[in-house]
Amino acid sequence: MAHAPGIDRRRIRELTERELARFTVERPRSTELIGRARACMPQGVPNGWMTELFGHDPLWIDRGEGPYLIDVDGHRLLDTNIADTSMFCGHSPQPVVKAVSERIALGPQFLMPTEDAIVVAEELARRWALPKWRFTLSATTANTEAIRVARHLTGRPKLLMFEGKYHGHADEMLVTREDGALVPEMLGLLPSVTEQVRLVPFNELEAIERALAPGDVACLVTEPALTNVGVVMPDAGFHAELRRLTREAGTLLVIDETHTLICGPGGLVRIWGLEPDVVTLGKSIGAGVPIGAYGMTEAVSSALDPVADYGGGDFVPEVATGGTLFGNALQMASARAALTEVLTDEAYERASRLGGRLADGIESIAASHGLPWKAHRLGPRAGYAFDGRLPRDSAETHASHDADLYRLLRLWMVNRGVWEAMEWAGPAISVAASDADVDHYVETLAALVIGLVA
Ligand SMILES: Cc1ncc(COP(=O)(O)O)c(C=O)c1O
């Protein structure tokens with residue numbers, strides 16, 4: 001692990017101890033709940049991420065209100081993690097509350113379509129300039145289905161991704177490189193998950209060309225900019241070359257906009273003029289109701305055409321897609337309200353302006369204390385490059401990441417009214433936040449930095 005330059009390590013240790021103690025003392029109700037919860041759930045949480053991602057005991061939540069969370073001990077926190085971007089709409093915006101309440105009263109799920117699905121698909125088609133859309137329950141399942149469609153269409157087995165990627169918790173997407181070899185990224189996965197996967201560094205066009213050369217890659221799945229190792233931006237011209245190389249190789253280009261969709265209507269695909277064969281989405285388009293979606297060209301969508309000659313045997317001659325709750329009425333009602341009434345052009349513009357204000361604030365505090373920090377800038381999202389170098393790939397992010405400093409930053413913030421982004425992400429501004437909220441974040445950060453400079 002790297003050590004951020006100019007920071008007093010002894011102070012990090014002292015302050016971390018003090019802030020951890022304060023976190024617990026000021027949260028008697030949370031402490032009581034975790035005690036009870038550990039008896040009935042592994043790690044005391046319904047989903048391991050709810051504690052693993054944060055570096056302290058889980059914070060138990062009472063409710064969300066616009067840009068804020070209120071925990072069970074009554075602390076009000078500006079939410080800059082926004083549930084890993086999934087609450088970019090802010091907590092419970094009125095149009096979503098109304099649409100979801102009405103829908104649940106009328107029935108949330110039929111395994112039959114409701115008209116809202118057409119409105120949502122039309123709106124996504126308009127934003128991402130791809131004509132056909134399918135729905136799932138998460139971005140993970142959207143990516144899973146997109147890969148199956150690509151394999152079926154191309155008749156090829158391999159999946160190409162970038163080092164430092166994250167596209168969801170599906171077996172083949174959980175492959176990483178260690179000591180030069182591909183390995184399963186976590187436990188519980190078969191060693192064979194690596195067999196049909198290739199991983200190359202982001203921004204390395206020659207490596208991509210080599211990986212495509214055997215002609216066996218069904219699809220390349222990537223985010224426009226990597227967002228799960230801080231932010232790794234593409235070099236100038238990278239995406240144009242990526243498109244050219246994948247077209248020449250007959251490989252489908254799947255762009256995962258699950259996170260980057262917060263940058264604008266139509267995400268970075270629209271802002272940067274990208275030309276994917278498939279776009280995958282999830283998280284914030286549902287405003288908190290589970291949803292995944294993938295959009296595709298007419299050519300790709302032909303893979304999902306009805307099959308005329310299915311004779312009813314055990315083998316079903318269709319691409320394996322679908323699920324009982326995929327495309328349910330509740331998610332469609334929520335997504336319709338989110339897309340048409342919350343995630344408006346103006347809301348995106350404001351959130352991106354505030355993201356820039358946050359990044360400016362981070363850099364100006366660092367500079368005024370002689371620290372080299374650079375802030376990531378990805379629309380509404382900022383973040384930290386403590387060594388002052390914005391990374392070109394995941395290896396560079398890892399080389400500069402200071403886990404101890406980030407842990408202290410999170411603790412300091414949560415004890416002073418800010419729910420900081422989880423490690424490897426960066427603070428992001430929801431459409432519900434204001435200039436004053438950003439200023440509160442920056443002032444709270446400033447107070448920490450003063451005490452840390454060596
Ligand atoms: C880029 C990207 N794609 C897909 C996913 C998977 O999303 P989910 O966990 O909602 O399925 C994530 C989750 O963080 C992500 O960052």
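What you see is a predicted model; the values in this text were computed from it and never measured. Counting starts at 1 for both ligands and their atoms, following the listed order.
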Answer with yes or no after comparing the ring centroid distance for Y384 and W373 against a 6.0 Å cut-off, counting only values under it.
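Between W373 and Y384, which both carry aromatic rings, the centre distance is below 6.0 Å.
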
Is it true that F202 and F238 have ring centroids separated by less than 6.0 Å?
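Yes: the rings meet the under 6.0 Å criterion.
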
Output the list of atoms in ligand 1 that are nearer than 4.0 Å to some heavy atom of [X], sorted by atom number.
| X | answer |
| --- | --- |
| T258 | 2 (C), 3 (N), 4 (C) |
| S138 | 11 (O) |
| N228 | 1 (C), 15 (C), 16 (O) |
| K283 | 7 (O), 10 (O), 12 (C), 13 (C), 14 (O) |
| D84 | 14 (O) |

Could you tell me whether R76 sits above the aromatic face of Y68, with NZ or CZ closer than 6.0 angstrom to the six-membered ring centre and within 45 degrees of the axis?
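Yes - R76 lies over the ring of Y68, closer than 6.0 Å to its centre and within 45° of its axis.
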
Charged tip of R416 within 45° of W412 ring normal and under 6.0 Å
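That pair qualifies as a cation-pi contact.
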
[atom] [closest protein heavy-atom partner, distance rounded to 0.1 Å]:
| atom | answer |
| --- | --- |
| atom 3 (N) of ligand 1 | D256 OD2, 2.7 Å |
| atom 7 (O) of ligand 1 | A139 CB, 3.4 Å |
| atom 2 (C) of ligand 1 | Y166 O, 3.3 Å |
| atom 8 (P) of ligand 1 | T140 OG1, 3.6 Å |

So, regarding E223 and ligand 1 (criterion: nitrogen or oxygen to nitrogen or oxygen, under 3.5 Å), is there a contact or not?
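No; every N/O pair is 3.5 Å or more apart.
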
Using 4.0 Å as the upper bound for N to carboxylate O, is an ion pair formed by E275 and R243?
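Salt bridge absent between R243 and E275.
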
Angle between ring planes, W424 versus H398, binned at 30° and 60°: parallel, tilted or perpendicular?
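Ring orientation, 0 to 90° scale: tilted.
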
Nearest heavy-atom pair of L160 and V200: which atoms, and what distance?
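Result for this residue pair: CD1-CG2, 4.0 Å.
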
